[in-house]
Amino acid sequence: MSTHTEARGPRVSIDLLAAVSLFLIAAVLLSQTGDGVRDWAMPRSLCYLVIGVGVVLLVKGLVRPGEKVPLIPPVVRHKGLDTAFFITAAVAYVLAIPIFGFWLSSAVTLFGLSVALAEKRDVRAVLTSGVTAVVVCAGAYLLMLHVFYVPLPWGSLFE
Amino acid sequence: MKYLAILAAGTVALGVAACGGGGSSPSADAELNCRSIDFIVPYAPGGGSDRQVRRMQPHLEEALGTKINVNYMEGGDGAIGWQALAGKKPDGCTVSNVVAPNIMLLTSSGQNVGFTAEDFEYLGWSETTPNVLAVAADSPYKTIDEFVAAAKANPGKLTVAGVGEVGELLTAETQNSTGTKISYVPVSGGVGAIVPDILGGHVDAGTIGAAHVAESEGRLRALAMTGTEKLESLPDVPTYEEAGYGPATLGTAWGVIAPSGTPEAIVKTWNEAIADAVAKEKQQIIEAGLIPLEQDVDEARDYVQKMTDALTAARETVEN
Amino acid sequence: MFEGLLAALTPSLLLYLCIGVLAGILVGALPGFTATMGAALMLPFTFTLEPAEGFAMLAALYVATMFADSVPACLVNTPGTPSAVATALDGFAMTKQGRGQAALIASCFSALIGTFVGGITFLLLANPLTDVALTFGPPEFFWIGIFAITVIGSVAGNSLLKGIAGGALGMLIGAVGISSTGAVPRYTFGIPELLGGISIVAALIGIFAIPQVIDMVRNRHADPHVADFTKRKGTARETIWGLARRPVNVLRSSVLGTAIGILPGAGSPIASLVSYNEAKRWSKDKASFGRGNIDGVVASEAAGNAAAGGSIIPLVSLGIPGSAPAAVILGALLLQGLKPGPELFSSDATLVYTFAWSIILAGVVTFVAGMLLSGSLARMVLIPVRLLAPCILFLSVIGAYAIRNSMMDVYLMLGLGVAVYFLAQLGFHPGPIGLGVILAPIIEPALVESLSIAQSSSAVEVFFGRPLCIALIVLTIVSMVWVGVTRYKDARDARSAARMEPPEVPVPQADQTTSESVGSR
């Protein structure tokens, strides 16, 4: 799926973006890194390695840009809305679990997402989504509670 | 007269046995009202804690009349499992294995580990083992004296493996007691991971539980052990004090805890169930190289203090 | 030896073996559930069984899990357990080419051969091999880990640099929690729940499943299904015949897997990674690895299964488990009153041989089960994305939670997943990151231990002075050089090929990384 033909706005080398990300990550981690050889030798060296790779990528990005991607990521543009939507839905799902319980949150998410993602949101789609959600949750419930004994959370609302 | 006394004593004994060893349902002050019991094991499956719980499991299920599900929550040397327990309802339906001095190390560490010492009720201790300094059977050191002599002749050249903070303390305790300087090798992956290192000759010795030596069927030799009691399964091993060195107190004990606020009656039920399980598994526990513990609720609480004191003593000797 | 076989062929033992295989397939196919977990779950059931039957059930579960973890790996690019990471690389590519069933068949065939080799080694060579295994100490494990890291060269995709950074990031993820010395919490940001670190399994689910799901969602208009699948009559026969005619790969992988499995502390994950690397190295068609070369699947799966059998060897000969599931099996045996070790060999050799034969039989049953199920399982790719994607998300949450009954693992799984998705957009493949996560708990403790051992002599002597270490270092250097040369040659060939063809519009790399599968370049 080609997004770059439609995108407008400033474009930047992918390597440059990658380098910046690496610097950011390394910076956060290094700020938390202590001293003491045995406990920190490995993480510290790894951070330096990451910075090193970042430097090389930075140079590469400036000197020989290669592929360019839009600076404003497609995720927040209209084609990337799907991705943003899905990620938001997933995060909401996970955050809902401690409150509404696993099973309720899952049933709602399974149903809602599969309807939202459908090409044609007609009755048939809604029905299949509903049935799938129920069957999958029921099956997982039996499996988890009676075979594997994994006590998935019931949610603070219900306890 | 004598016969009468013996008869009376015998009857009393029988009566006590009939009541105390009452079999499946000890005269519980409170029945557990749980769909099932969630038994947290804050360590990996296959380790000492797992074995403790699995050994007791059938008897506990019988005594408490409820199914037990074991839930492994490994991480942070027990922190993750105990954190989780601290947040559970104090109804006796969720309990956890506890290992001393590991839990004391966490609560006294000054960091935020997600729980404090006051968050738990001790239901009972099931077994304990002294820690030993173990070498491979084919090691040149046959007695603790030989080891100490070699360590004194070559300070810092002998390597001793241990696990976690406890291992470090144990090794420090050993050095202190024997007046030697040894190099400590931290091993991860549980105490069992030390054994291949010793057998393969990668370290000179290890500080491990006596149980591992007893299990090793002669492949490991224990040179000395901590504490003051002798161990039935390792009768020839002297304690550090017996061997003429300074005191070394740090042993390991396994027990069961529940969130604080658990009603006394439920604590008592659990305590009796644990004692019952230990009594039934006594032989297996001893063969595994451990010392079974049978305590009532108050004794269990005192034991906590005992282990805490042992830890403090160990820390103090190390700091001096 | 043959009394052992007869003892293993009793109906009750075979029954428990089959139960174990069934349970193993279930455990393996669900990402988030590991063989260790499965074995621990079945442990109480073994109390009432005979030792041989209990062992058979647990060993069968272990073997079947090592096969079944390839199912989600091939079908939806999500390894069912850490041992299937390498399988996903080619397995998923095969699925996208409509050859998903062949991938699964290759996997169960490899399980058969791998388990067989592991079992036979157990039968014939248990004791001498264990002695060799003991000579591998912390420094050797360190170099094995470094050697395994060079696999990054095979899985990094276009940019080796980014692959290296990815591997480093993966290892840093593994560094979260208490350090190897047990003294210091690292990168916990003051959150006590992070003291336990990020569970490897949760991390792998996040790293592989989530970006894959987001991709699926993004491309659902163009690809409403994950892949196509048409049932063809002769697939099974063709695949097996094709593999049987080229036995070198599967046999080499099995031997390698058994050898690595014997080392206490190294298990199926490392075995499958190293074996994949070697298969690619010795293949005549290196470039196709990662794009659907069946040999990649075979190498990874055969080694993973062989390592299962291999890890039982030190367990029985010395009482030292070679892997985490083997540790659970050790616990089961101890609870039965058995003391695995040389005494058991001499006092009850038949029982020990029964163990070995159980492993081999488990491989056979797994093979049969796999063959029967391959068609239906492969059909799963026909489920429309709009249903499949939410289901995978659902299963990922369950899997991440089930490890330690902790929501923190779920949050971390999702967080890592989203982060890795964006990193993939920037050109960082998930493969090396997953590799770093898997190898961190091997490399770092080994490093710390070796440095501590070095206090008694010197670091140079410890790391470079031991014969096995030297051999491993040479292997690593050869491997790195080989990686460098191959990549250089590939790049050069690609440039000359591009010069000879008419120029096309270059497809941006970002899209290529996301719309094609993770491992298929």
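Quick note on labels: first sequence line is chain A, next is B, and so on, each numbered from 1. Scope of the values below: all heavy atoms of this structure, side chains included, with no hydrogens, waters or symmetry mates.
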Any side-chain heavy atom of [X] within less than 4.5 Å of one from [Y]?
{"X": "C:Val217", "Y": "A:Leu113", "answer": "no"}
{"X": "C:Tyr421", "Y": "A:Thr83", "answer": "yes"}
{"X": "C:Ile164", "Y": "A:Leu49", "answer": "yes"}
{"X": "A:Ile25", "Y": "C:Leu172", "answer": "no"}
{"X": "A:Leu22", "Y": "C:Lys162", "answer": "no"}
{"X": "C:Leu30", "Y": "A:Met144", "answer": "yes"}

Handout entry: Residue, of A:Val150, A:Val91, A:Val115, A:Thr109, that accumulates the most heavy atom pairs under 4.5 Å with chain C
Key = A:Val150
Handout entry: When A:Ala125, A:Ser106, A:Gly36 are compared by non-hydrogen pairs under 4.5 Å with chain C, the top option
Key =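 Among A:Ala125, A:Ser106, A:Gly36, the one with the most close pairs to chain C is A:Ala125.
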Exercise for the section: Check each atom of A:Thr33 against the heavy atoms of chain C and say whether the ones under 4.5 Å are side chain, backbone, both or neither. Expected result: both
Fill in the blank from the handout: Cut-off 4.5 Å, heavy atoms of chain C, and the answer for A:Ala41 is neither
Working to the nearest 0.5 angstrom, can you tell me the gap between [X] [atom1] and [Y] [atom2]?
{"X": "A:Ser45", "Y": "C:Leu447", "atom1": "OG", "atom2": "CG", "value": "8.0 Å"}
{"X": "C:Phe422", "Y": "A:Ser21", "atom1": "CZ", "atom2": "OG", "value": "11.0 Å"}
{"X": "C:Leu423", "Y": "A:Leu17", "atom1": "CG", "atom2": "CG", "value": "11.5 Å"}
{"X": "A:Leu110", "Y": "C:Leu393", "atom1": "CG", "atom2": "CG", "value": "8.0 Å"}
{"X": "A:Leu152", "Y": "C:Asn405", "atom1": "CG", "atom2": "CG", "value": "7.5 Å"}

Looking only at heavy atoms, which two atoms of [X] and [Y] are closest? And how far apart?
{"X": "A:Thr128", "Y": "C:Leu387", "answer": "O-CD2, 4.5 Å"}
{"X": "A:Leu29", "Y": "C:Tyr187", "answer": "O-CE2, 3.2 Å"}
{"X": "C:Arg386", "Y": "A:Ser129", "answer": "NH1-OG, 2.9 Å"}
{"X": "A:Ser114", "Y": "C:Pro390", "answer": "N-CG, 4.0 Å"}
{"X": "A:Ile14", "Y": "C:Gly427", "answer": "CD1-N, 4.5 Å"}
{"X": "A:Val50", "Y": "C:Ala165", "answer": "CG2-O, 4.3 Å"}

Exercise for the section: Mind running side chain to side chain contact (heavy atoms under 4.5 Å, CB included) on C:Tyr401 and A:Ile97 for me, showing each step along the way? Expected result: CA-CA 11 Å; C:Tyr401 183 80; A:Ile97 294 177; over 6 Å; no
Among [options], who wins on heavy-atom pairs under 4.5 Å with chain A?
{"options": "C:Ile178, C:Val27, C:Val184", "value": "C:Val184"}
{"options": "C:Met171, C:Met407, C:Arg220", "value": "C:Arg220"}
{"options": "C:Val397, C:Leu451, C:Ile214, C:Val448", "value": "C:Val397"}

Please classify the contact of [X] with chain A as side chain, backbone, both or neither, using a heavy-atom distance under 4.5 Å.
{"X": "C:Leu414", "value": "side chain"}
{"X": "C:Pro445", "value": "neither"}
{"X": "C:Leu41", "value": "side chain"}
{"X": "C:Ala402", "value": "both"}
{"X": "C:Phe189", "value": "both"}

Problem - Side chain A:Arg38, main chain C:Thr181, donor-acceptor under 3.5 Å - result: no
Handout entry: Partner of C:Phe394 by ring pair (Phe, Tyr, Trp, His ring centres under 6.0 Å), out of A:Tyr93, A:Phe102, A:Phe111
Key = A:Phe102
Handout entry: side chain to side chain contact (heavy atoms under 4.5 Å, CB included) between A:Gln32 and C:Thr188, worked out
Key = CA-CA 9 Å; A:Gln32 296 277 318; C:Thr188 58; over 6 Å; no
Exercise for the section: Test side chain to side chain contact (heavy atoms under 4.5 Å, CB included) on C:Leu161 and A:Leu57 and set out the steps. Expected result: CA-CA 8 Å; C:Leu161 266 178; A:Leu57 285 176; 4.2 Å; yes
